[in-house]
Protein chains: 2
Amino acid sequence: MTLSEFQLQQQLKSRGYSITHPRTIVFKALEDKEALTMAELVAICGQQLDRATVYRTVGLFEDLGIIRRVQIGWKYKLELTDSFSHHHHHLTCTNCGKVTPIIEDDALEDRINSLAKAYHFTPSDHQIEIRGLCYACQLSSIVE
Amino acid sequence: MTLSEFQLQQQLKSRGYSITHPRTIVFKALEDKEALTMAELVAICGQQLDRATVYRTVGLFEDLGIIRRVQIGWKYKLELTDSFSHHHHHLTCTNCGKVTPIIEDDALEDRINSLAKAYHFTPSDHQIEIRGLCYACQLSSIVE
DNA sequence: TATTTATTGCAAATCTGTCGCAATTAATCG
DNA sequence: CGATTAATTGCGACAGATTTGCAATAAATA
Ligand SMILES: [Mn+2]
Ligand SMILES: [Mn+2]
Ligand SMILES: [Zn+2]
Ligand SMILES: [Zn+2]
């Protein structure tokens, strides 16, 4: 069992939820992967689980702060929260669709927090998506 | 006719699309408003336009870079792009749902662009949402 | 104003997400 | 380890959101 799988079980248990087969399957599907759409997640788990169960599990995991939704392109995707992964943001290539995580940047995080304060907000979370052309797509567009 | 309505017509014409009544209605519905959900937009235009037409127009406007989707909470909303409005980001109150625009901040924009460069991306656009408690909701949570 | 082509409205189809309920599974305890 | 109990799941069925084909209509052009 991985460390985060253990964390998941602790999290469920401490909040009075059972550790079930479906919940483990959904968690593993998201582990170590860059954000998945709901459709992709259902496709991965769908052979073994009912659609409704995947939705219910996603809902529960969101409530428990185990996964979060982020906007990538025009859809939202799901990924493990910072407690199970590392805080990061996303670069999306508008040409090939590749999504690259941006590792945490203190200057950026600080600016975000100061801005929230300037508007008298108490920030709890934030998300950033930068869209543009990835290196590979820049090269191929020069060739054309 | 407003300046941005004129811009819209230029944009449509130059790309070979007709300037139609439905397209004008959808554009006006979004003008000078903070992000609308698709449901809100359909409600506003729905009396005069078919649902399908609203969806098709939104799709076209997205392709033409006239409107964009931004994630607000767990849903997306629609708003005019920077060419028709001013570049900004969003603060969302997780308690009352209020959405506040953050006016452009150079330090933030610079950091975003440097990060993109560091990853060899050519950035074209980005979006930021900060979630947290607005001032009013902070006060009421202290009272409780 | 007549002609041509793009656009729209309508209705049907398809996705997406939700719900109630009976069958199953996990947790608990002797 | 079995029996008991309560939570969870699968299975329709369902409501809402978005897409599509096609005939009717409106916009552009000359
Ligand atoms: Mn990610
Ligand atoms: Mn806005
Ligand atoms: Zn690319
Ligand atoms: Zn609030």
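Letters A, B, ... are given to chains in the order of the sequence lines, protein chains preceding strands, and every chain is numbered from 1.
At whole-Å resolution of the value, CD in B:Q9 and C1' in D:dA28 are 14 Å apart. When rounded to the nearest whole Å, the span between CG of B:L78 and P of D:dT18 equals 9 Å. Between A:I19 atom CD1 and D:dT9 atom P the separation is 12 Å, expressed in whole Å. In this structure, CD of A:Q48 is placed 13 Å from P of D:dC11, rounded to the nearest angstrom. To the nearest angstrom, P of D:dC11 lies 11 Å from CZ of A:R56. If you measure from atom OH of A:Y76 to atom P of D:dA17, you get 14 Å, rounded to the nearest angstrom. As rounded to whole Å, 12 Å separates atom C1' of D:dT9 from atom CD1 of A:I25. Atom CE of A:M38 and atom C1' of D:dA17 are 15 Å apart (whole Å).
The side-chain hydrogen bond (donor to acceptor under 3.5 Å, both in side chains) check on B:R56 picks up nothing, with sequence neighbours excluded.
Using a 4.0 Å cut-off between a side-chain N of Lys or Arg and a carboxylate O of Asp or Glu, B:K77 and B:E79 do not qualify as a salt bridge.
An OP1 or OP2 oxygen of D:dA26 is reached within less than 4.0 angstrom by no side-chain nitrogen or oxygen of B:Y17. Proximity of B:R51 to the phosphate of D:dA17: no side-chain N or O atom is located under 4.0 Å from OP1 or OP2. Between A:T53 and D:dG10 there is a side-chain N or O to OP1 or OP2 distance below 4.0 Å.
Each of A:D50 and B:K13 was assigned the nucleotide of DNA chain D with the nearest heavy atom; the assignment lying further toward the 5' end belongs to A:D50.
Using a 4.0 Å heavy-atom distance criterion, A:R23 is classed as a sugar-phosphate-only contact.
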Q. side-chain contact (heavy atoms from CB on, under 4.5 Å) between B:R69 and B:E62: does it pass, once the steps are laid out?
A. CA-CA 8 Å; B:R69 302 188 187 201; B:E62 282 177 324; 2.6 Å; yes
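Minimum atom distance to the side chain of B:Y55 is reached by D:dA17, of the listed D:dA28, D:dA17, D:dC11.
Of all the heavy atoms in A:G65 and A:S83, the pair that sits closest is O-OG, 4.3 Å.
Under the 30°/60° scheme for interplanar angles, the aromatic rings of A:H87 and A:H126 are found to stand perpendicular.
Other residues, nucleotides and ligands contribute only 12 or fewer heavy atoms inside 6.0 Å of the OH atom of A:Y17.
A:H21 and A:Q48 are not linked by any side-chain donor-acceptor pair at a separation below 3.5 angstrom, with hydrogens and angles left out of the test.
From the 5' end on, the contacts that DNA chain C makes with chain A at under 4.0 Å to a non-hydrogen atom open and close at C:dT16 to C:dA27.
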